[in-house]
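Reviewing the structure listed below.
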Amino acid sequence: MTDVDAVRERLRAVEQDHLVRFAGELSDEARATLVREIESIEPESLPRVIDRYVRQKPEFAVPEGVEPAPYYPNDPARGPRQWDRQAARAAGEALLRAGKVACFTVAGGQGSRLGYDGPKGCYPAGAITKRPLFQFFAEGIRKTGAKYGVTPAWYIMTSPQNHETTVAFFEANDYFGLGRTDVVFFPQGVMPAFDRETGRVLLAEKGRLALTPDGHGGSLKALHVSGSLDDMARRGVEHISYFQVDNPIVRVADPVFLGLHASVPDSSGEMSSKMLPKVAPEERVGIFCRVDGRTTVIEYSDMPMERQRERLEDGSLRFLAGSIAIHAMGVEFVRRLNEDPDFELPFHRADKKVACVDVETGEALTPSVANAVKLERFVFDAVPLARASIVYETERVEEFAPIKNAEGTDSPASSTAIQTERAARWLEAVGVDVPRGADGEADCVIELSPLTAVEAEDLRGVDLPKVERGARVVM
Ligand code: UTP
């Protein structure tokens, strides 16, 4: 029996044998690739997934008794939950000094909204020098090393589609000054796209499945399967600082957040999150809630708008805490999840247009309406799996300037404006005059390297620039 025959048998058992219908037309090499792709999607797992997510559209019902999740306010003196910033910081710094923290970037997404040709981490995000996103993070990690004496190892999740280009980018840039053994790349898993009507897996070409990365939630399994959890254990890493590839001003290893995560009594040290207060009920971010005593994230599209508009007596939003996809996770937590044979995060369904091959005729089809179901896992679905999970409020200007869209909100333009505003604030905090317009906005462009500062305090003792009106300052 050839490889194709063997795989055909497996496919027939799950009513997917159309996938090898054109195998006879392929070269040996192309056939081998097809077989590999089919094996990678574990055909036996498909019927359950198709029944649950493709043949029916899972309806999400907001659980009864859902409450807003409590959170640690950015200002420790404010609100019902007072806390000790210095103690949290000291705890986080101790972890960093002991080499117990690794950084983890999920960079396997397709970045289709931005429309950039290449891995998003290579995108020139710097306001002036066009420093790539990956360089921002590398410099943040180097600065963390300089401050605490140990440079955190950096794990980067790629996708099978962008893995090689990503690694080549680091090679070409000499790992941005990091040790190459301290940067670990691994590709995430993939999911096939399904025909919306029939539940059949789509063929992108006669010899290729229509595959896409399985979502940032795939990272929890990929950390294990890739051997990265073991690698972390060998290095003595206990906590993972998780962030996305699209936010140039993220704190790659925030001692205060890590300290809260690892040391406050109501945290299990398993999975913690940063939040931003939503600016409006309509803001499209997941919302931190409390359900049956557990912290959980409910997607904005799953929460009825009238609930999202509820307000407290002081006029603030009741469901205020928006998720910005910054987490801290215990290595042991991720290991525990993976040791459970039944562990899996749910899929989220999106109906999309996917170019494919007509399985009857072999003809290439370019659909004009959504013909496919794509399934992705989201990392925040792991939050309720933690025994106790805390949420920490941060400030937009301090650490959230994502690049998602080509224009408008969360675009390169909005990101560079926030980069400048943050640098301007930090400079003002150490006594530098920053010219501002009548609207209060900085009348200049500033690009701050994380090597210079990852927080305002780092600017003390630095040779500071004079900022003229309309200036472009790189520091
Ligand atoms: P997004 O939700 O912004 O998705 O990812 P995306 O694929 O990058 O962009 P669009 O939606 O196609 O425009 C948020 C973060 O999760 C990572 C992304 O790389 C980004 O850092 N991600 C997303 C993965 O690592 N894998 C995935 O399968 C999806």
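For ligands, and for the atoms within them, numbers begin at 1 and follow the listed sequence. Nothing fancy with the numbering, it's 1 onward along the sequence.
Ring geometry, F134 versus F137: the interplanar angle exceeds 60°, so the pair is classed perpendicular (tilted spans 30 to 60°). By the 30° and 60° cut-offs, the orientation of the rings of Y392 relative to F257 is parallel.
At a 4.0 Å cut-off, at least one heavy atom of A107 sits close enough to ligand 1 to count as contact.
Nearest protein heavy-atom neighbour of atom 8 (O) of ligand 1: G111 N, 3.5 Å. Among protein heavy atoms, atom 22 (N) of ligand 1 sits closest to G109 N, 3.4 Å. Of the protein's heavy atoms, Q188 OE1, 2.6 Å lies nearest to atom 26 (N) of ligand 1. With respect to atom 2 (O) of ligand 1, the closest heavy atom belonging to the protein is R113 NH2, 3.8 Å. In this structure, the protein non-hydrogen atom closest to atom 25 (O) of ligand 1 is G108 N, 2.8 Å. The closest protein non-hydrogen atom to atom 16 (O) of ligand 1 is H216 CD2, 3.4 Å. Among protein heavy atoms, the minimum distance from atom 17 (C) of ligand 1 is reached at V106 O, 3.7 Å. Summary of contacts: the protein heavy atom closest to atom 14 (C) of ligand 1 is Q244 OE1, 3.3 Å.
Between the side chains of H348 and D381, a donor-acceptor pair is found at a separation under 3.5 Å. Donor-acceptor pairing under 3.5 Å is recorded for the side chains of Q308 and K278.
Distance check: F243 CZ to C103 SG gives 5.0 Å after rounding to the nearest 0.5 Å.
With a 4.0 Å heavy-atom cut-off, ligand 1 is reached by the backbone of S112 and by its side chain too.
Scanning for side-chain contact (heavy atoms from CB on, under 4.5 Å) contacts around D231 gives Y155, V184, R234, R235, with sequence neighbours left out. Listed by chain and number, the residues in a salt bridge (Lys or Arg N to Asp or Glu O under 4.0 Å) with R318 are E67, E310 (sequence neighbours excluded).
Close approach of ligand 1 to V245 (heavy-atom distance below 4.0 Å) involves ligand atoms 19 (O), 21 (O).
Salt-bridge annotation for R425 and E395: present, with a side-chain N of the basic residue lying under 4.0 Å from a carboxylate O of the acidic one. A salt bridge links K274 with D254; the closest basic N to acidic carboxylate O contact falls under 4.0 Å.
Remark: ligand 1 and G215 share an N or O pair separated by less than 3.5 Å (distance only, no angle test). Considering backbone and side-chain atoms alike, M157 places every N or O at 3.5 Å or more from each N or O of ligand 1.
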